[in-house]
Amino acid sequence: MHRFFVPPDRIRHRFVEFDADQAHQMRRVLRLRPGDRVTALDGTGRQYEVTLEEVGNARATGRAADPLAATGEPAARLTLYQSLLRREKFEWVLQKGTEIGVAAFVPVITRRSLVRDAEDVGPEKLDRWRRIIREAAEQSGRGLLPVLSPPIALAEAAGARAADVALIAWEGETQRTIGETLEGRATVGEIALFIGPEGGYDEEEVRLAESCGAVPVSLGGRILRTETAAVVGAALVLHRLGELG
């Protein structure tokens, strides 16, 4: 059943109203018709089976059954602190990270980031990134929308993060792995993963993060591209926590 995230205020008294983009997708792409059923998720952890009543080019509505608890969410909450990348690479990280199970994304400005100023990431870009996250969450069966924060500097990110465990992937660390770092931890509710830019972190940045409690970890004996490291690192964390089978 096709899934669509809908703001809670668009689900009122069992009446569901989808936005224009969703209506276009239903009519033109999915070829849905009145009487077809879809799943609406309100982003707060509830989902509804919806019977469509109207499917137009810019408007779609339906009637919802009783709410159920949304599925598809890892028990552990993983926040990915991803250094800003070229547009297509950063968007790929958002898409694949959402599919894997990342709960929140924080774009980070580092010394070697191609984007060095938060003002270069305006409202239009953030809206585009949130749309990519939403579409990936719908496609992959997520129960909640991952949160996207505005860009911040590494020093602020390292000092402000609130997590039970914080990891920073660094090619200078050749011994300690993600599995070893998480071993013996019965439960991890919040975990932070820092991934550097295309040129990598410099050692001073790693030491800064380490002084704030982050643990440097290795992703193996090969140097990965940053977008690959983000997906591999997130998958290793969630697999180690039993979230990927």
Report summary line: What one should report as the nearest heavy-atom pair of Ala137 and Leu145 is CB-CD2, 3.9 Å
Query raised in the report: Would you call Val237 and Leu241 a side-chain contact if the rule is heavy atoms closer than 4.5 Å?
Result: yes
**Report entry** Steps toward side chain to side chain contact (heavy atoms under 4.5 Å, CB included) verdict (Glu198, Arg112)
**Finding:** CA-CA 7 Å; Glu198 291 176 289; Arg112 295 171 181 164; over 6 Å; no
**Report entry** Interatomic distance, Arg37 atom CZ to Thr51 atom OG1 [nearest 0.5 angstrom]
**Finding:** 6.5 Å
Query raised in the report: Are Phe4 and Gln25 close enough, and set up right, to give a side chain to side chain contact (heavy atoms under 4.5 Å, CB included), and what steps lead you there?
Result: CA-CA 10 Å; Phe4 299 90; Gln25 183 184 7; 3.5 Å; yes
**Report entry** Main-chain N/O of Ile191 paired to Asp164 side chain as donor or acceptor, under 3.5 Å
**Finding:** no
Query - Leu244 reachable from Val102 in the ILVMFWY side-chain graph, under 4.5 Å edges - result: yes
Report summary line: To the nearest 0.5 Å, atom CG of Leu94 lies from atom CZ of Arg128 at 10.0 Å
Query raised in the report: What do you reckon, is CZ of Arg10 surrounded by more than 12 foreign heavy atoms closer than 6.0 Å?
Result: yes
Report task. Could you tell me whether the side chain of Gln82 and the main chain of Val93 form a donor-acceptor pair under 3.5 Å? Result -> no
Requested in this report: Rounded to the nearest 0.5 Å, what's the gap from OG on Ser140 to CD on Glu135? Could you check?
Outcome: 11.5 Å
**Report entry** Val106 and Leu80, any side-chain heavy atoms less than 4.5 Å apart
**Finding:** no
Report task. Could you tell me which non-hydrogen atom of Ala214 sits nearest to which non-hydrogen atom of Ile168, and how far apart they are? Result -> CB-CG2, 4.2 Å
**Report entry** Under 3.5 Å: donor-acceptor pair, side chain of Arg46, backbone of Gly43
**Finding:** no
Query raised in the report: Would Leu167 end up clustered with Val232 when hydrophobic side chains under 4.5 Å apart are linked, directly or stepwise?
Result: yes
Query raised in the report: Is Asp21 salt-bridged to Arg131, cutoff N-O under 4.0 Å?
Result: no
Requested in this report: Over all heavy atoms of both residues, which pair between Pro74 and Gly101 is shortest? Give the atoms and the distance, please.
Outcome: CG-O, 3.6 Å
Query raised in the report: Taking side chain as C-beta onward, heavy atoms only, is Val108 less than 4.5 Å from Pro151?
Result: no
Requested in this report: Provide the closest heavy-atom pair for Gly233 versus Leu219 in the form atom of the first, atom of the second, distance.
Outcome: CA-CD2, 4.1 Å
Query raised in the report: Which atom names give the shortest non-hydrogen contact between Arg142 and Phe5, and what distance separates them?
Result: O-CZ, 3.6 Å
Query raised in the report: Would Ile152 end up clustered with Tyr201 when hydrophobic side chains under 4.5 Å apart are linked, directly or stepwise?
Result: yes
Requested in this report: Decide yes or no on side chain to side chain contact (heavy atoms under 4.5 Å, CB included) for Arg33 and Met26, but give the supporting numbers first.
Outcome: CA-CA 8 Å; Arg33 300 178 179 180; Met26 289 179 185; over 6 Å; no
**Report entry** Gap between atom CD of Glu227 and atom CZ of Arg86 - 0.5 Å precision
**Finding:** 9.0 Å
Query raised in the report: Thinking salt bridges, do Glu190 and Arg77 make one under a 4.0 Å N-O criterion?
Result: yes
**Report entry** Asp127 and Arg130, any side-chain heavy atoms less than 4.5 Å apart
**Finding:** yes
Query raised in the report: Is there a path of hydrophobic side-chain contacts, each under 4.5 Å between heavy atoms of I, L, V, M, F, W or Y residues, that connects Trp92 with Leu148?
Result: yes
Report task. Write down the atom of Gln47, the atom of Thr39, and the distance for their closest heavy-atom approach. Result -> CB-CG2, 4.0 Å
Requested in this report: Determine whether more than 12 heavy atoms belonging to other residues, nucleotides or ligands lie under 6.0 Å from atom CD of Gln175.
Outcome: no
**Report entry** Glu204 bridged to Arg207 by N-O distance under 4.0 Å
**Finding:** no
**Report entry** Glu243 (side chain) donor-acceptor with Ala75 (main chain) under 3.5 angstrom
**Finding:** yes
Query raised in the report: Does any non-hydrogen side-chain atom of Phe105 lie less than 4.5 Å from one of Pro146?
Result: yes
Query raised in the report: Counting N and O atoms only, with roles assigned by atom type, does the side chain of Glu173 sit under 3.5 Å from a partner on the main chain of Arg176, one being a donor and the other an acceptor?
Result: yes
Query raised in the report: Are the ring centres of Trp129 and Phe90 closer than 6.0 Å?
Result: yes
**Report entry** Side chain proximity check, Tyr48 to Leu41, heavy atoms < 4.5 angstrom
**Finding:** no
Report task. Without swapping roles, check the side chain of Ser83 against the backbone of Ile195 for a donor-acceptor pair under 3.5 Å. Result -> yes
Requested in this report: State plainly whether the residues Asp19 and Arg134 are in salt-bridge range, i.e. N to O under 4.0 Å.
Outcome: yes
Query - Student check: side-chain heavy atoms of Asp202 and Arg111 closer than 4.5 Å - result: yes
Report task. For the pair Val38 and Leu52, evaluate side chain to side chain contact (heavy atoms under 4.5 Å, CB included) and give the outcome as yes or no after the intermediate values. Result -> CA-CA 7 Å; Val38 299; Leu52 296 175; 4.1 Å; yes
Query raised in the report: Is it true that Val147 and Leu78 fall in one hydrophobic cluster, defined by side-chain heavy atoms closer than 4.5 Å?
Result: no
Query raised in the report: Donor-acceptor pair, Thr228 side chain versus Leu224 backbone, under 3.5 Å?
Result: no
Query raised in the report: Any side-chain heavy atom of Lys89 sitting closer than 4.5 Å to one from Arg225?
Result: yes
Report summary line: d(Leu85 CG, Thr226 OG1) to nearest 0.5 Å is 4.5 Å
Query raised in the report: If you round to the nearest 0.5 Å, how far is CG of Asp66 from CZ of Arg14?
Result: 4.0 Å
Query raised in the report: Is it true that a side-chain atom of Glu54 and a backbone atom of Pro34 form a donor plus acceptor pair closer than 3.5 Å?
Result: no
